[in-house]
Amino acid sequence: MILSRKWLNEFVSVDVNDKEFAEAMTLSGSKVEVTEDLGSEISNVVVGKILSMERHPDSDHMWVCQICVGDRENPIQIVTGAWNVHVGDMVPVAKHKSTLPGGKKIEKGKLRGVVSNGMLCGLYELNLDERDFPYAEVIAAAILN
């Protein structure tokens, strides 16, 4: 059985680290074979709100989005091919110099001549699925609201 510490904390407060928790569970008769931090590989990924979208000047399927990632006065520009995003959506954003599961690095670059300061992520790119976010749209970019 896989047990999420976050889920467990909804029912009981266990104020120990993962190693101590695993040892206590094993001593109580519930063998713990492995513990893992599923988000340990992910860095510089935040939730962003899409402020505006314009068609990419050199593509019929790409969008140039302005995304608020905490500072509404200074949104970041991201070019995406995600077809399911709209203004106002909350989406996972891998910012410049971020790392995704598997060690995949995301850097600022140009897509067909337009600067993109990161990428919008789908749940699968973060090693997640609809069980982790049952109300999120999974295909293309993950819509979190």
Worked verdict on I106 versus T99 for side chain to side chain contact (heavy atoms under 4.5 Å, CB included): CA-CA 6 Å; I106 304 299; T99 305; over 6 Å; no
Derivation and outcome, side chain to side chain contact (heavy atoms under 4.5 Å, CB included), residues H86 and I50: CA-CA 7 Å; H86 305 90; I50 299 177; over 6 Å; no
Step-by-step side chain to side chain contact (heavy atoms under 4.5 Å, CB included) determination, I76 to K95: CA-CA 9 Å; I76 63 172; K95 296 172 25 178; 4.1 Å; yes
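A donor-acceptor pair is defined here as one N or O able to donate and one able to accept, closer than 3.5 Å; no such pair exists between the side chain of R55 and the backbone of W63. In this structure, the side chain of S30 does not engage the main chain of T26 through any donor-acceptor pair within 3.5 Å. Side-chain atoms of S59 do not come within 3.5 Å of backbone N or O of H56 as any donor-acceptor pair. Put simply, the side chain of E125 gets close to the backbone of G122: a donor and an acceptor are under 3.5 Å apart. Formation of a donor-acceptor pair under 3.5 Å by the S116 side chain with backbone atoms of V79 is found in this model. With hydrogens and angles disregarded, a donor-acceptor distance shorter than 3.5 Å links the side chain of N44 to the backbone of H96. The backbone N or O of V91 lies less than 3.5 Å from no partner atom in the side chain of D89, so there is not a single donor-acceptor pair. One N or O on the side chain of E41 and one on the backbone of G102 form a donor-acceptor pair closer than 3.5 Å. Using modelled atom types, one side-chain atom of Q77 and one backbone atom of V115 make a donor-acceptor pair closer than 3.5 Å.
At a threshold of 4.5 Å between side-chain heavy atoms, the hydrophobic network of Ile, Leu, Val, Met, Phe, Trp and Tyr places L120 and V46 in one connected group.
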